[in-house]
Amino acid sequence: MILVTGGAGFIGANFVLDWLATRDEPVLTLDKLTYAGNLQNLAALAGDPRHVFVQGDICDRALVEGLLARHRPRALVHFAAESHVDRSIHGPEAFIRTNVEGTFTLLEAARAYWSTLSDVESAAFRFHHVSTDEVYGSLAPDAAPFTETHPCLPNSPYSASKAASDHLARAWFHTYGLPVLTSHCSNNYGPFHFPEKLIPLLIVNACAQKPLPLYGDGLQVRDWLYVGDHCAAIRRILDAGRPGETYNIGGWNEMTNLAIVEQVCALLDALAPRADGIAYATQIVHVTDRPGHDRRYAIDARKIERELGWRPAETFASGLEKTVRWYLTHADWVKNTQSGSYRDWVLKQYGEGAT
Ligand code: NAD
Ligand code: DAU
(Lines give C-alpha, C1' and ligand atoms only; values in the text may rest on other atoms or scores of the structure.)
(Ligands and ions follow the chains in the order given, each with its own letter.)
Protein backbone atom coordinates (compact mmCIF):
# COMPACT_ATOMS: atom_id res chain seq x y z
CA MET A 1 0.00 0.00 0.00
CA ILE A 2 0.96 3.65 -0.24
CA LEU A 3 0.64 6.40 2.38
CA VAL A 4 -0.68 9.73 1.10
CA THR A 5 -0.48 12.86 3.26
CA GLY A 6 -2.92 15.70 2.60
CA GLY A 7 -5.21 13.35 0.65
CA ALA A 8 -8.36 15.24 1.64
CA GLY A 9 -7.15 18.45 -0.02
CA PHE A 10 -7.46 19.52 -3.64
CA ILE A 11 -4.61 17.68 -5.39
CA GLY A 12 -4.30 14.92 -2.78
CA ALA A 13 -7.96 13.93 -3.15
CA ASN A 14 -7.71 13.90 -6.94
CA PHE A 15 -4.59 11.76 -6.59
CA VAL A 16 -6.21 9.22 -4.24
CA LEU A 17 -9.36 8.97 -6.38
CA ASP A 18 -7.37 8.58 -9.61
CA TRP A 19 -5.01 6.07 -7.99
CA LEU A 20 -7.82 3.78 -6.87
CA ALA A 21 -9.61 4.21 -10.20
CA THR A 22 -6.54 2.98 -12.08
CA ARG A 23 -4.85 0.57 -9.61
CA ASP A 24 -5.82 -1.88 -6.93
CA GLU A 25 -3.03 -1.01 -4.52
CA PRO A 26 -4.58 0.26 -1.25
CA VAL A 27 -4.12 3.81 0.04
CA LEU A 28 -3.77 5.08 3.59
CA THR A 29 -4.66 8.78 3.71
CA LEU A 30 -3.32 10.92 6.57
CA ASP A 31 -4.86 14.39 6.76
CA LYS A 32 -5.35 16.89 9.57
CA LEU A 33 -8.54 18.24 7.95
CA THR A 34 -7.61 21.91 8.19
CA TYR A 35 -9.99 24.42 6.56
CA ALA A 36 -8.62 23.15 3.19
CA GLY A 37 -9.19 19.44 3.89
CA ASN A 38 -12.63 18.05 3.19
CA LEU A 39 -13.73 14.45 3.63
CA GLN A 40 -16.49 15.11 1.11
CA ASN A 41 -13.71 15.06 -1.51
CA LEU A 42 -13.21 11.35 -0.76
CA ALA A 43 -16.90 10.48 -0.40
CA ALA A 44 -16.79 8.26 -3.50
CA LEU A 45 -14.51 5.90 -1.52
CA ALA A 46 -16.92 5.32 1.36
CA GLY A 47 -17.00 1.58 2.06
CA ASP A 48 -14.08 0.86 -0.29
CA PRO A 49 -11.83 -1.60 1.62
CA ARG A 50 -8.80 -0.37 -0.35
CA HIS A 51 -8.93 3.02 1.37
CA VAL A 52 -8.19 3.88 5.00
CA PHE A 53 -8.51 7.44 6.29
CA VAL A 54 -6.74 8.72 9.40
CA GLN A 55 -7.27 12.23 10.70
CA GLY A 56 -3.98 13.47 12.12
CA ASP A 57 -1.11 15.90 11.92
CA ILE A 58 2.10 15.18 9.99
CA CYS A 59 3.95 16.96 12.83
CA ASP A 60 2.87 14.15 15.20
CA ARG A 61 5.91 11.89 15.03
CA ALA A 62 4.45 9.12 17.20
CA LEU A 63 1.34 8.95 15.03
CA VAL A 64 3.32 8.83 11.79
CA GLU A 65 5.71 6.19 13.13
CA GLY A 66 2.79 4.09 14.34
CA LEU A 67 1.09 4.29 10.94
CA LEU A 68 4.27 3.30 9.12
CA ALA A 69 4.91 0.36 11.44
CA ARG A 70 1.31 -0.88 11.28
CA HIS A 71 0.56 -0.42 7.56
CA ARG A 72 4.07 -0.90 6.11
CA PRO A 73 3.62 1.23 2.98
CA ARG A 74 6.01 0.79 0.06
CA ALA A 75 5.80 4.52 -0.73
CA LEU A 76 4.86 7.81 0.88
CA VAL A 77 3.41 10.59 -1.28
CA HIS A 78 3.59 13.88 0.58
CA PHE A 79 1.00 16.51 -0.40
CA ALA A 80 0.08 17.87 3.06
CA ALA A 81 0.85 21.56 3.28
CA GLU A 82 -0.46 25.01 3.92
CA SER A 83 -0.80 26.03 0.28
CA HIS A 84 -2.27 29.53 -0.10
CA VAL A 85 0.17 32.39 -0.73
CA ASP A 86 -2.21 35.11 0.50
CA ARG A 87 -2.80 33.30 3.79
CA SER A 88 0.97 32.92 4.21
CA ILE A 89 1.30 36.71 3.97
CA HIS A 90 -1.31 37.25 6.70
CA GLY A 91 -0.01 34.45 8.95
CA PRO A 92 3.23 32.62 8.06
CA GLU A 93 3.53 30.56 11.26
CA ALA A 94 1.29 27.67 10.22
CA PHE A 95 3.32 27.43 6.98
CA ILE A 96 6.59 27.00 8.84
CA ARG A 97 5.04 24.44 11.15
CA THR A 98 3.36 22.20 8.59
CA ASN A 99 5.55 22.72 5.54
CA VAL A 100 8.93 22.74 7.27
CA GLU A 101 8.50 20.93 10.61
CA GLY A 102 5.90 18.56 9.19
CA THR A 103 8.12 17.55 6.27
CA PHE A 104 11.07 17.13 8.67
CA THR A 105 8.94 14.88 10.89
CA LEU A 106 7.85 12.75 7.92
CA LEU A 107 11.41 12.44 6.63
CA GLU A 108 12.67 11.34 10.03
CA ALA A 109 9.84 8.87 10.58
CA ALA A 110 10.28 7.52 7.04
CA ARG A 111 14.02 7.17 7.54
CA ALA A 112 13.56 5.19 10.76
CA TYR A 113 10.96 2.92 9.11
CA TRP A 114 13.01 2.52 5.91
CA SER A 115 16.03 1.36 7.96
CA THR A 116 13.96 -1.60 9.23
CA LEU A 117 13.04 -2.85 5.73
CA SER A 118 14.66 -5.79 4.01
CA ASP A 119 17.17 -5.00 1.24
CA VAL A 120 14.58 -5.61 -1.46
CA GLU A 121 11.93 -3.52 0.31
CA SER A 122 14.28 -0.65 1.10
CA ALA A 123 15.52 -0.48 -2.50
CA ALA A 124 11.91 -0.27 -3.70
CA PHE A 125 10.74 2.28 -1.10
CA ARG A 126 9.99 5.83 -2.31
CA PHE A 127 9.36 9.15 -0.54
CA HIS A 128 7.72 11.47 -3.06
CA HIS A 129 7.90 15.11 -1.98
CA VAL A 130 5.33 17.23 -3.83
CA SER A 131 6.69 20.74 -4.35
CA THR A 132 5.91 23.76 -6.46
CA ASP A 133 7.37 25.94 -9.21
CA GLU A 134 7.06 28.92 -6.84
CA VAL A 135 10.34 27.96 -5.12
CA TYR A 136 12.21 29.17 -8.23
CA GLY A 137 11.00 32.77 -7.77
CA SER A 138 9.81 35.18 -10.45
CA LEU A 139 10.83 35.27 -14.13
CA ALA A 140 11.44 38.31 -16.35
CA PRO A 141 9.01 38.47 -19.31
CA ASP A 142 11.61 37.22 -21.80
CA ALA A 143 13.47 34.75 -19.52
CA ALA A 144 13.59 31.05 -20.35
CA PRO A 145 11.19 28.85 -18.33
CA PHE A 146 12.40 27.24 -15.08
CA THR A 147 14.48 24.10 -15.49
CA GLU A 148 15.28 21.76 -12.59
CA THR A 149 18.65 23.48 -12.13
CA HIS A 150 17.20 26.99 -11.81
CA PRO A 151 18.32 28.62 -8.54
CA CYS A 152 15.90 28.41 -5.64
CA LEU A 153 14.75 32.03 -5.06
CA PRO A 154 11.44 31.95 -3.14
CA ASN A 155 9.68 35.27 -2.51
CA SER A 156 6.64 34.57 -0.32
CA PRO A 157 6.43 32.94 3.12
CA TYR A 158 4.62 30.05 1.42
CA SER A 159 7.27 29.47 -1.25
CA ALA A 160 10.09 29.96 1.29
CA SER A 161 8.55 27.26 3.48
CA LYS A 162 8.22 24.92 0.49
CA ALA A 163 11.82 25.65 -0.54
CA ALA A 164 12.97 24.84 3.01
CA SER A 165 11.15 21.50 2.84
CA ASP A 166 12.73 20.80 -0.58
CA HIS A 167 16.18 21.32 0.91
CA LEU A 168 15.40 18.92 3.75
CA ALA A 169 14.16 16.28 1.29
CA ARG A 170 17.30 16.70 -0.80
CA ALA A 171 19.55 16.40 2.24
CA TRP A 172 17.80 13.24 3.46
CA PHE A 173 18.63 11.63 0.12
CA HIS A 174 22.24 12.81 -0.01
CA THR A 175 23.07 12.20 3.64
CA TYR A 176 21.03 9.14 4.54
CA GLY A 177 20.24 7.65 1.14
CA LEU A 178 16.47 7.81 1.71
CA PRO A 179 15.00 7.27 -1.80
CA VAL A 180 13.46 10.71 -2.21
CA LEU A 181 11.78 11.97 -5.39
CA THR A 182 10.82 15.64 -5.71
CA SER A 183 8.47 17.25 -8.22
CA HIS A 184 7.89 20.94 -8.92
CA CYS A 185 4.52 21.59 -10.49
CA SER A 186 2.89 24.73 -11.83
CA ASN A 187 -0.62 26.02 -11.00
CA ASN A 188 -3.22 23.26 -10.92
CA TYR A 189 -6.94 23.66 -11.54
CA GLY A 190 -9.84 21.20 -11.56
CA PRO A 191 -12.48 19.61 -9.29
CA PHE A 192 -12.26 20.02 -5.47
CA HIS A 193 -10.13 23.19 -5.75
CA PHE A 194 -10.86 25.30 -2.67
CA PRO A 195 -12.47 28.58 -3.78
CA GLU A 196 -9.83 30.81 -2.20
CA LYS A 197 -7.60 30.14 -5.26
CA LEU A 198 -8.01 32.10 -8.50
CA ILE A 199 -9.96 29.81 -10.87
CA PRO A 200 -12.53 28.37 -8.43
CA LEU A 201 -12.90 31.81 -6.78
CA LEU A 202 -13.77 33.31 -10.17
CA ILE A 203 -16.35 30.61 -10.97
CA VAL A 204 -17.99 30.72 -7.55
CA ASN A 205 -18.04 34.54 -7.34
CA ALA A 206 -19.31 34.91 -10.90
CA CYS A 207 -22.27 32.61 -10.22
CA ALA A 208 -23.05 34.49 -7.00
CA GLN A 209 -22.90 37.82 -8.94
CA LYS A 210 -20.01 38.98 -6.75
CA PRO A 211 -16.90 40.91 -7.90
CA LEU A 212 -14.16 39.00 -9.79
CA PRO A 213 -11.00 40.40 -8.12
CA LEU A 214 -7.83 40.75 -10.19
CA TYR A 215 -4.74 41.76 -8.24
CA GLY A 216 -2.99 44.84 -9.67
CA ASP A 217 -3.00 45.04 -13.47
CA GLY A 218 -3.91 41.34 -13.86
CA LEU A 219 -0.98 40.77 -16.20
CA GLN A 220 0.91 38.36 -13.93
CA VAL A 221 1.65 35.10 -15.73
CA ARG A 222 1.24 31.53 -14.46
CA ASP A 223 1.54 28.14 -16.17
CA TRP A 224 -1.70 26.15 -15.71
CA LEU A 225 -2.06 22.36 -15.57
CA TYR A 226 -5.21 20.25 -15.15
CA VAL A 227 -5.01 18.42 -11.81
CA GLY A 228 -5.50 14.97 -13.39
CA ASP A 229 -2.35 15.53 -15.44
CA HIS A 230 -0.38 16.41 -12.30
CA CYS A 231 -1.61 13.19 -10.65
CA ALA A 232 -0.61 11.14 -13.71
CA ALA A 233 2.86 12.72 -13.64
CA ILE A 234 3.34 11.80 -9.97
CA ARG A 235 2.29 8.19 -10.67
CA ARG A 236 4.81 8.08 -13.50
CA ILE A 237 7.61 9.50 -11.30
CA LEU A 238 6.78 7.02 -8.53
CA ASP A 239 6.94 4.17 -11.04
CA ALA A 240 10.07 5.15 -12.94
CA GLY A 241 11.70 8.26 -11.43
CA ARG A 242 15.26 8.06 -10.20
CA PRO A 243 15.75 8.61 -6.43
CA GLY A 244 17.47 11.90 -5.65
CA GLU A 245 16.16 13.51 -8.85
CA THR A 246 13.79 16.46 -9.17
CA TYR A 247 11.23 16.69 -11.96
CA ASN A 248 9.40 19.78 -13.22
CA ILE A 249 5.75 19.24 -14.15
CA GLY A 250 3.93 21.83 -16.24
CA GLY A 251 1.28 22.42 -18.86
CA TRP A 252 3.21 24.40 -21.50
CA ASN A 253 0.41 26.84 -20.96
CA GLU A 254 1.46 30.31 -19.80
CA MET A 255 -1.37 32.75 -19.32
CA THR A 256 -2.06 36.11 -17.73
CA ASN A 257 -4.63 36.26 -14.97
CA LEU A 258 -6.63 38.63 -17.18
CA ALA A 259 -6.78 35.99 -19.93
CA ILE A 260 -7.90 33.42 -17.34
CA VAL A 261 -10.77 35.56 -16.07
CA GLU A 262 -11.87 36.34 -19.62
CA GLN A 263 -11.99 32.63 -20.50
CA VAL A 264 -13.86 31.70 -17.33
CA CYS A 265 -16.40 34.46 -18.05
CA ALA A 266 -16.84 33.38 -21.68
CA LEU A 267 -17.44 29.76 -20.63
CA LEU A 268 -19.98 30.82 -18.03
CA ASP A 269 -21.72 33.08 -20.55
CA ALA A 270 -22.13 29.98 -22.75
CA LEU A 271 -22.92 27.35 -20.10
CA ALA A 272 -24.85 29.31 -17.46
CA PRO A 273 -25.74 32.78 -18.76
CA ARG A 274 -26.82 35.42 -16.28
CA ALA A 275 -30.62 35.78 -16.10
CA ASP A 276 -30.33 39.47 -17.00
CA GLY A 277 -28.28 38.67 -20.14
CA ILE A 278 -25.32 40.79 -18.97
CA ALA A 279 -21.83 39.35 -19.59
CA TYR A 280 -19.97 37.98 -16.55
CA ALA A 281 -16.90 40.03 -17.55
CA THR A 282 -18.71 43.14 -16.26
CA GLN A 283 -18.07 41.75 -12.73
CA ILE A 284 -14.25 42.04 -13.11
CA VAL A 285 -12.63 44.50 -10.68
CA HIS A 286 -8.99 45.40 -10.18
CA VAL A 287 -8.02 45.31 -6.50
CA THR A 288 -4.88 46.05 -4.48
CA ASP A 289 -1.99 43.84 -5.55
CA ARG A 290 -0.57 40.98 -3.44
CA PRO A 291 2.60 42.17 -1.59
CA GLY A 292 5.73 40.78 -3.27
CA HIS A 293 3.57 39.32 -6.06
CA ASP A 294 5.66 37.13 -8.39
CA ARG A 295 5.23 38.44 -11.91
CA ARG A 296 5.75 35.32 -13.98
CA TYR A 297 6.22 31.55 -13.62
CA ALA A 298 6.91 29.22 -16.54
CA ILE A 299 7.94 25.57 -16.45
CA ASP A 300 10.30 23.72 -18.73
CA ALA A 301 8.90 20.18 -18.48
CA ARG A 302 11.22 18.56 -21.03
CA LYS A 303 13.06 16.38 -18.50
CA ILE A 304 10.00 14.42 -17.40
CA GLU A 305 8.94 14.03 -21.04
CA ARG A 306 12.38 12.88 -22.16
CA GLU A 307 13.13 10.55 -19.25
CA LEU A 308 9.68 9.30 -18.26
CA GLY A 309 7.53 9.92 -21.33
CA TRP A 310 4.96 12.11 -19.53
CA ARG A 311 3.12 14.96 -21.25
CA PRO A 312 -0.14 16.64 -20.26
CA ALA A 313 -3.18 14.97 -21.81
CA GLU A 314 -5.60 17.85 -21.27
CA THR A 315 -5.57 21.16 -23.16
CA PHE A 316 -6.42 24.31 -21.21
CA ALA A 317 -9.69 24.62 -23.14
CA SER A 318 -10.79 21.05 -22.37
CA GLY A 319 -9.60 21.17 -18.75
CA LEU A 320 -11.22 24.52 -18.03
CA GLU A 321 -14.55 23.44 -19.51
CA LYS A 322 -14.51 20.25 -17.37
CA THR A 323 -13.71 22.37 -14.33
CA VAL A 324 -16.43 24.96 -14.91
CA ARG A 325 -18.99 22.19 -15.53
CA TRP A 326 -17.89 20.46 -12.30
CA TYR A 327 -18.48 23.61 -10.23
CA LEU A 328 -21.83 24.24 -11.90
CA THR A 329 -23.00 20.73 -10.97
CA HIS A 330 -21.56 20.65 -7.42
CA ALA A 331 -23.40 23.48 -5.72
CA ASP A 332 -23.60 21.52 -2.43
CA TRP A 333 -19.83 21.05 -2.33
CA VAL A 334 -19.34 24.76 -2.98
CA LYS A 335 -21.90 25.67 -0.30
CA ASN A 336 -20.11 23.49 2.27
CA THR A 337 -16.83 25.34 1.67
CA GLN A 338 -18.46 28.71 2.45
CA SER A 339 -18.21 28.30 6.22
CA GLY A 340 -17.97 31.08 8.77
CA SER A 341 -14.18 30.84 8.71
CA TYR A 342 -14.16 31.16 4.91
CA ARG A 343 -16.34 34.27 5.13
CA ASP A 344 -13.91 35.69 7.71
CA TRP A 345 -11.05 35.05 5.26
CA VAL A 346 -12.83 36.77 2.37
CA LEU A 347 -13.52 39.79 4.57
CA LYS A 348 -9.88 39.97 5.72
CA GLN A 349 -8.48 39.61 2.17
CA TYR A 350 -10.97 41.56 0.03
CA GLY A 351 -12.78 43.80 2.56
CA GLU A 352 -16.46 44.77 2.89
CA GLY A 353 -18.52 44.35 -0.26
CA ALA A 354 -16.82 41.13 -1.35
CA THR A 355 -18.87 38.80 0.88
P1 NAD B 1 -4.70 22.11 -0.25
O2 NAD B 1 -4.49 23.29 0.64
O3 NAD B 1 -5.92 22.03 -1.08
O4 NAD B 1 -4.66 20.77 0.62
C5 NAD B 1 -3.71 20.56 1.64
C6 NAD B 1 -4.17 19.36 2.47
O7 NAD B 1 -3.19 19.15 3.49
C8 NAD B 1 -5.51 19.59 3.19
O9 NAD B 1 -6.33 18.45 3.07
C10 NAD B 1 -5.11 19.81 4.64
O11 NAD B 1 -6.11 19.38 5.57
C12 NAD B 1 -3.86 18.96 4.74
N13 NAD B 1 -2.96 19.40 5.81
C14 NAD B 1 -2.55 20.67 6.05
N15 NAD B 1 -1.75 20.69 7.15
C16 NAD B 1 -1.63 19.40 7.57
C17 NAD B 1 -0.92 18.78 8.63
N18 NAD B 1 -0.18 19.49 9.48
N19 NAD B 1 -1.02 17.44 8.75
C20 NAD B 1 -1.78 16.71 7.91
N21 NAD B 1 -2.50 17.25 6.90
C22 NAD B 1 -2.41 18.58 6.73
O23 NAD B 1 -3.38 22.02 -1.14
P24 NAD B 1 -3.20 21.54 -2.66
O25 NAD B 1 -3.45 22.67 -3.55
O26 NAD B 1 -3.94 20.27 -2.84
O27 NAD B 1 -1.63 21.26 -2.67
C28 NAD B 1 -1.12 19.97 -2.30
C29 NAD B 1 0.39 20.00 -2.41
O30 NAD B 1 0.77 20.31 -3.74
C31 NAD B 1 1.07 21.05 -1.52
O32 NAD B 1 2.25 20.50 -1.02
C33 NAD B 1 1.37 22.19 -2.48
O34 NAD B 1 2.49 22.92 -2.05
C35 NAD B 1 1.65 21.43 -3.76
N36 NAD B 1 1.38 22.15 -5.01
C37 NAD B 1 0.17 22.74 -5.22
C38 NAD B 1 -0.11 23.35 -6.45
C39 NAD B 1 -1.45 23.99 -6.75
O40 NAD B 1 -1.60 24.62 -7.80
N41 NAD B 1 -2.45 23.85 -5.90
C42 NAD B 1 0.88 23.36 -7.45
C43 NAD B 1 2.12 22.76 -7.19
C44 NAD B 1 2.34 22.14 -5.97
O1 DAU C 1 2.57 27.76 -8.91
C2 DAU C 1 2.08 26.74 -8.06
C3 DAU C 1 1.32 27.37 -6.94
O4 DAU C 1 0.10 27.82 -7.49
C5 DAU C 1 1.08 26.44 -5.76
O6 DAU C 1 2.30 26.10 -5.18
C7 DAU C 1 0.18 27.10 -4.71
O8 DAU C 1 -0.13 26.19 -3.67
C9 DAU C 1 -1.09 27.53 -5.40
O10 DAU C 1 -1.93 28.22 -4.48
C11 DAU C 1 -0.78 28.44 -6.58
O12 DAU C 1 -0.23 29.71 -6.13
P13 DAU C 1 -0.68 31.09 -6.80
O14 DAU C 1 -0.41 32.19 -5.84
O15 DAU C 1 -0.14 31.23 -8.17
O16 DAU C 1 -2.27 30.76 -6.93
P17 DAU C 1 -3.56 31.69 -6.68
O18 DAU C 1 -4.72 30.91 -7.22
O19 DAU C 1 -3.64 32.19 -5.27
O20 DAU C 1 -3.29 32.92 -7.64
C21 DAU C 1 -3.07 32.75 -9.03
C22 DAU C 1 -2.79 34.11 -9.62
O23 DAU C 1 -4.01 34.89 -9.54
C24 DAU C 1 -1.74 34.91 -8.88
O25 DAU C 1 -1.02 35.71 -9.80
C26 DAU C 1 -2.56 35.81 -7.94
C27 DAU C 1 -3.81 36.08 -8.77
N28 DAU C 1 -5.06 36.30 -7.99
C29 DAU C 1 -5.39 35.39 -7.04
C30 DAU C 1 -6.54 35.55 -6.30
C31 DAU C 1 -6.92 34.57 -5.21
C32 DAU C 1 -5.86 37.38 -8.30
O33 DAU C 1 -5.56 38.18 -9.20
N34 DAU C 1 -7.02 37.53 -7.58
C35 DAU C 1 -7.38 36.69 -6.55
O36 DAU C 1 -8.43 36.93 -5.91
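Counting starts at 1 for both ligands and their atoms, following the listed order. All residue numbers in this chain count up from 1 along the given sequence.
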With backbone taken as N, CA, C and O and side chain as the heavy atoms from C-beta onward, which portion of [X] lies under 4.0 Å from ligand 2: side chain, backbone, both, or neither?
{"X": "His293", "answer": "side chain"}
{"X": "Leu198", "answer": "both"}
{"X": "Asn257", "answer": "side chain"}

Practice task
Have a look at Ser83, Ser156, Ala81 and point out the one with the heavy atom closest to atom 9 (C) of ligand 2.
Solution key: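 Among Ser83, Ser156, Ala81, the closest heavy atom to atom 9 (C) of ligand 2 belongs to Ser83.
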Problem - Proximal candidate to atom 19 (O) of ligand 2 [heavy atom criterion; set His286, Arg290, Met255] - result: Arg290
Under 4.0 Å from a heavy atom of [X]: which atoms of ligand 2 are those, numbered in the order shown and with their elements?
{"X": "His84", "answer": "19 (O)"}
{"X": "Thr132", "answer": "1 (O), 2 (C), 3 (C), 5 (C), 6 (O)"}
{"X": "Lys197", "answer": "10 (O), 18 (O)"}
{"X": "Leu201", "answer": "36 (O)"}
{"X": "Glu134", "answer": "1 (O), 2 (C), 3 (C), 4 (O), 5 (C), 7 (C), 11 (C), 12 (O), 13 (P), 14 (O), 15 (O)"}
{"X": "Pro213", "answer": "32 (C), 33 (O), 34 (N), 35 (C), 36 (O)"}
{"X": "Val85", "answer": "14 (O)"}
{"X": "Asp133", "answer": "1 (O), 2 (C)"}

Hey, is ligand 2 close enough to [X] that some N/O pair sits below 3.5 Å?
{"X": "Tyr297", "result": "no"}
{"X": "Asp86", "result": "no"}
{"X": "Tyr350", "result": "yes"}
{"X": "Tyr158", "result": "yes"}

Does this structure show an ion pair linking [X] with [Y], if we count only N-O contacts that are shorter than 4.0 Å?
{"X": "Asp217", "Y": "Arg295", "result": "yes"}
{"X": "Arg97", "Y": "Asp57", "result": "yes"}
{"X": "Glu25", "Y": "Arg74", "result": "yes"}
{"X": "Asp239", "Y": "Arg23", "result": "yes"}
{"X": "Arg302", "Y": "Glu305", "result": "no"}
{"X": "Arg61", "Y": "Glu65", "result": "yes"}

Give me the ring orientation class for [X] and [Y]: parallel if the planes are under 30° apart, tilted from 30 to 60°, perpendicular past 60°.
{"X": "Tyr226", "Y": "Tyr189", "result": "perpendicular"}
{"X": "Trp224", "Y": "Phe316", "result": "tilted"}
{"X": "Phe53", "Y": "His51", "result": "tilted"}
{"X": "His78", "Y": "His129", "result": "tilted"}
{"X": "His230", "Y": "Phe79", "result": "perpendicular"}

Completion exercise
Looking only at protein heavy atoms, what sits closest to atom 16 (O) of ligand 2 is Asn187 ND2, 3.4 Å
Practice task
Work out whether the distance between some heavy atom of Glu196 and some atom of ligand 2 is less than 4.0 Å.
Solution key: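 It does, in that a heavy atom of Glu196 comes within the 4.0 Å cut-off of ligand 2.
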Practice task
Report the C-alpha distance between Lys32 and Asp60 in whole Å, list the side-chain angles of each, state the deciding distance to 0.1 Å, and finish with yes or no for salt bridge (charged side-chain N to carboxylate O under 4.0 Å, His left out).
Solution key: CA-CA 10 Å; Lys32 186 177 173 182; Asp60 182 343; over 6 Å; no
Practice task
Side-chain contact test, heavy atoms from C-beta onward, threshold under 4.5 Å: evaluate it for Gln349 versus His90 and give yes or no.
Solution key: yes
Problem - hydrophobic_cluster_shared for Leu225 and Val135, side chain cutoff 4.5 Å - result: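 Different clusters: Val135 never reaches Leu225 through Ile, Leu, Val, Met, Phe, Trp or Tyr contacts under 4.5 Å.
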Practice task
Could you tell me whether Tyr176 and Trp114 have their ring centroids closer than 6.0 angstrom?
Solution key: no
As a test of reading the model: which N/O atoms of the protein lie under 3.5 Å from N/O atoms of ligand 1, and at what distance?
{"residue": "ligand 1", "atom": "2 (O)", "partner": "Ser83", "partner atom": "OG", "Å": "2.7"}
{"residue": "ligand 1", "atom": "3 (O)", "partner": "Phe10", "partner atom": "N", "Å": "3.1"}
{"residue": "ligand 1", "atom": "9 (O)", "partner": "Gly9", "partner atom": "N", "Å": "2.9"}
{"residue": "ligand 1", "atom": "9 (O)", "partner": "Asp31", "partner atom": "OD1", "Å": "3.2"}
{"residue": "ligand 1", "atom": "9 (O)", "partner": "Asp31", "partner atom": "OD2", "Å": "2.6"}
{"residue": "ligand 1", "atom": "11 (O)", "partner": "Asp31", "partner atom": "OD1", "Å": "2.6"}
{"residue": "ligand 1", "atom": "11 (O)", "partner": "Leu33", "partner atom": "N", "Å": "3.4"}
{"residue": "ligand 1", "atom": "11 (O)", "partner": "Thr34", "partner atom": "N", "Å": "3.0"}
{"residue": "ligand 1", "atom": "11 (O)", "partner": "Thr34", "partner atom": "OG1", "Å": "3.1"}
{"residue": "ligand 1", "atom": "18 (N)", "partner": "Asp57", "partner atom": "OD1", "Å": "2.9"}
{"residue": "ligand 1", "atom": "18 (N)", "partner": "Thr98", "partner atom": "OG1", "Å": "3.0"}
{"residue": "ligand 1", "atom": "19 (N)", "partner": "Ile58", "partner atom": "N", "Å": "3.0"}
{"residue": "ligand 1", "atom": "21 (N)", "partner": "Lys32", "partner atom": "N", "Å": "3.0"}
{"residue": "ligand 1", "atom": "23 (O)", "partner": "Ser83", "partner atom": "OG", "Å": "3.2"}
{"residue": "ligand 1", "atom": "26 (O)", "partner": "Phe10", "partner atom": "N", "Å": "3.4"}
{"residue": "ligand 1", "atom": "26 (O)", "partner": "Ile11", "partner atom": "N", "Å": "2.8"}
{"residue": "ligand 1", "atom": "32 (O)", "partner": "Phe79", "partner atom": "O", "Å": "2.9"}
{"residue": "ligand 1", "atom": "32 (O)", "partner": "Lys162", "partner atom": "NZ", "Å": "2.7"}
{"residue": "ligand 1", "atom": "34 (O)", "partner": "Tyr158", "partner atom": "OH", "Å": "2.6"}
{"residue": "ligand 1", "atom": "34 (O)", "partner": "Lys162", "partner atom": "NZ", "Å": "3.1"}
{"residue": "ligand 1", "atom": "40 (O)", "partner": "Asn188", "partner atom": "N", "Å": "2.9"}

